[in-house]
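Since the structure comes first, as structure tokens, the remarks are kept for the end.
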Protein chains: 2
Amino acid sequence: MPTDSPPAAPRLQQTNLVEQVADYLTEAIIARHFAPGVRLSEVQLSRDLGVSRAPVREAARLLESRGLLISRPRKGFFVRELNGDDLADVFDLRLCYERHAFELLAVRFDEAAHAQLSQQVETMCELAKGSDDGRKIEADLRFHRLVFDMAGNRRLLKAFDDLSHELRLCMALNERTHAEPGRIAANHWPLIEALASGKAQRCREAVDYHIGVARDYVIQGLGGASGTERPMSGAGATSEEGRC
Amino acid sequence: MPTDSPPAAPRLQQTNLVEQVADYLTEAIIARHFAPGVRLSEVQLSRDLGVSRAPVREAARLLESRGLLISRPRKGFFVRELNGDDLADVFDLRLCYERHAFELLAVRFDEAAHAQLSQQVETMCELAKGSDDGRKIEADLRFHRLVFDMAGNRRLLKAFDDLSHELRLCMALNERTHAEPGRIAANHWPLIEALASGKAQRCREAVDYHIGVARDYVIQGLGGASGTERPMSGAGATSEEGRC
DNA sequence: ACTCTCTGAACTGTCGACAGTCGGTGGTCG
DNA sequence: CGACCACCGACTGTCGACAGTTCAGAGAGT
């Protein structure tokens, strides 16, 4: 059941219905038009979207593999609920990915990569002045995706892309996400400097700090009503300086 | 088109058809009854399995998310082809995962975990005397899955499970996989010792060496007809001692 | 009033069928 | 003899429908 009326539910047409339905569902879930834990009725969705149940089912399978839905046999698909442990897992896995990506990129870092990443941070700083929070988040994720893209491991990039959906879900959990966007954007400069230094240890420390800040930010924003306390591996970061 | 006649294609029945079809396809692909690159006809599969196309399509979507199939719109599903770059990516991603899992487990390693892992290596040594290569590989993967299970991050475990399918595919690429199973099994003792030491650096070195050996083993087994040469991050391992 | 049972509505899992598209084949033209 | 084009078969994408199951609520019994 939608908690809020789902956004417009535009009649989809032609082919590639699966992808269109998946996009619609992804956006609706991240925007929290479907509350966590609620069941998504196949018939209801197919009626609202004006398509049959087959594309809806396939799209739901896709979202399940991305961690946005879970399917219970004979019960249907449910919007994924994230508790404190889930948040910790997501950011711990992200730490795992980013450490590796930065390590890979550090050894092949060149002027072109430097320029590309710097350009992206400039864009983020520019966006920080505006009020479109969605674009700020996307620009932030795009910086990190650039790192994975240039790191050279396609499967690592795909893994990050998959995790990105859950990351957006995590960020949408709290309202504090959008505070101090300027400082958040500037927080990415040390990552570039660490890459430029070419030193693995320095990259690792910068990544650990950066992700740690983002993790604490989201978890604290959740109100601390999370599951078991679990220290993050690597450097802890408890300041309030950034998000991503 | 099947290169070899697909194994029996047992008539599936009742519910949970998607999972059954997915299991059948997974096994058939890893056993190379479907050659890499071939197109899997939905109608042919549904006829052979005695089910309709809907479960076949959903199962194919599932395998696509696991990297065993790729779908091209209006063309159908194709068995994934792995070149040298793919192998390098898979093992590099595995290195990323295992490093993190061992680091997580090292800080919570206790007597129970020690006993469980040791037990598994004993099992592997026992299986090494037999001739069932499939069970050797599964026991090997099970050791590593145990590590991920005990590491405590469920999403990391799921990520490894997903990658496992591609790992099996990689291992099935060459025949040399099954050589010297006794030494391969024994190669896992240093990992346990590193965990017991509780030292992160020692764990990392042990993992890097272990995975490096496995990677070189598979890539050399492919005949070196791979893509661009790419050095593995971390310790290189060029000996011939192990697989997993 | 509370609990258990039964009934029925709604839904999921699965199926067969239709429409549009892609690739190959045969024929025709230059 | 070679290249282009129309036709045809097969397949994918999508749809509506049926069967078995689950869940909620009404009703009977205690």
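In the text below, chain A, chain B and the rest are named by the order of the sequence lines, each starting its count at 1. As a basis for the values below, the full set of heavy atoms in this structure was taken, side chains included, without hydrogen atoms, waters or symmetry mates. Because the structure is a prediction, the values reported are computed rather than measured.
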(request) Could you tell me which residues satisfy side chain to side chain contact (heavy atoms under 4.5 Å, CB included) with B:Glu81, sequence neighbours excluded, listed by chain and number? (result) B:Pro36
(request) Rounded to the nearest angstrom, tell me the gap between atom CG in B:Leu40 and atom P in D:dG13. (result) 13 Å
(message) I need the CG-C1' distance between B:Leu62 and C:dG13, as an integer number of Å.
(response) 16 Å
(request) With sequence neighbours left out, write down each residue that passes side chain to side chain donor-acceptor pair (under 3.5 Å) with A:Asp23, or none if nothing qualifies. (result) none
(message) Nearest to the B:Val51 side chain among C:dT14, C:dC15, D:dC11, which nucleotide is it?
(response) C:dC15
(request) Between A:Gly76 and A:Ala54, just flag the one whose closest nucleotide in DNA chain C comes earlier from the 5' side. (result) A:Gly76
(message) I want to verify a distance call: between D:dC15, C:dC15, C:dC11, whose nearest atom is closest to the A:Pro55 side chain?
(response) D:dC15
(request) Name all residues meeting the salt bridge (charged side-chain N to carboxylate O under 4.0 Å, His left out) criterion together with B:Arg61; count only those two or more places apart in sequence or in a different chain, and write none if there are none. (result) A:Glu58
(request) Starting from C1' on D:dC15, measure out to CD on A:Glu42 and report it in whole angstrom. (result) 14 Å
(message) One thing to verify: whether B:Lys158 and B:Asp162 come together as a salt bridge, which I'm taking to mean a side-chain N less than 4.0 angstrom from a carboxylate O.
(response) yes
(message) Without decimals, in angstroms, what is the distance between A:Arg47 CZ and C:dT12 C1'?
(response) 14 Å
(message) I'd like to check the side chain to side chain donor-acceptor pair (under 3.5 Å) partners of B:Ser71; sequence neighbours left out, ordered by chain and number.
(response) B:Glu64
(request) Starting from P on C:dT14, measure out to CG on B:Leu49 and report it in whole angstrom. (result) 13 Å
(message) For B:Phe78, does the six-membered ring have the charged nitrogen or CZ of B:Arg72 within the cation-pi criterion, i.e. under 6.0 angstrom from the centroid and within 45° of the normal?
(response) yes
(message) From CD of B:Glu58 over to P of C:dC15, roughly how many Å is that when rounded to an integer?
(response) 11 Å
(message) Between P on D:dT12 and CG on A:Asn16, what's the gap in Å once rounded to a whole number?
(response) 15 Å
(message) Across nucleotides 18-25 of chain D, 5' to 3', mark each nucleotide with B, S or - according to how protein heavy atoms within less than 4.0 Å reach it.
(response) --BSSS--
(request) Could you tell me the separation between the CD atom of B:Gln20 and the C1' atom of C:dT14, rounded to a whole number of Å? (result) 13 Å
(request) Among D:dT14, C:dG13, C:dC11, find the nucleotide with the atom closest to the side chain of A:Arg57. (result) C:dG13
In a table with atom names and distances, give each donor-acceptor pair under 3.5 Å that connects a side chain of residues 163-170 of chain B to protein atoms at least two apart or in another chain.
from	atom 1	to	atom 2	distance (Å)
B:Ser164	OG	B:Phe160	O	2.8
B:His165	ND1	B:Asp161	O	3.3
B:Glu166	OE1	A:Arg155	NE	3.0
B:Glu166	OE2	A:Arg155	NE	2.9
B:Glu166	OE2	A:Arg155	NH2	2.7
B:Arg168	NE	B:Glu138	OE1	3.4
B:Arg168	NE	B:Glu138	OE2	2.8
B:Arg168	NH2	B:Glu138	OE1	2.9

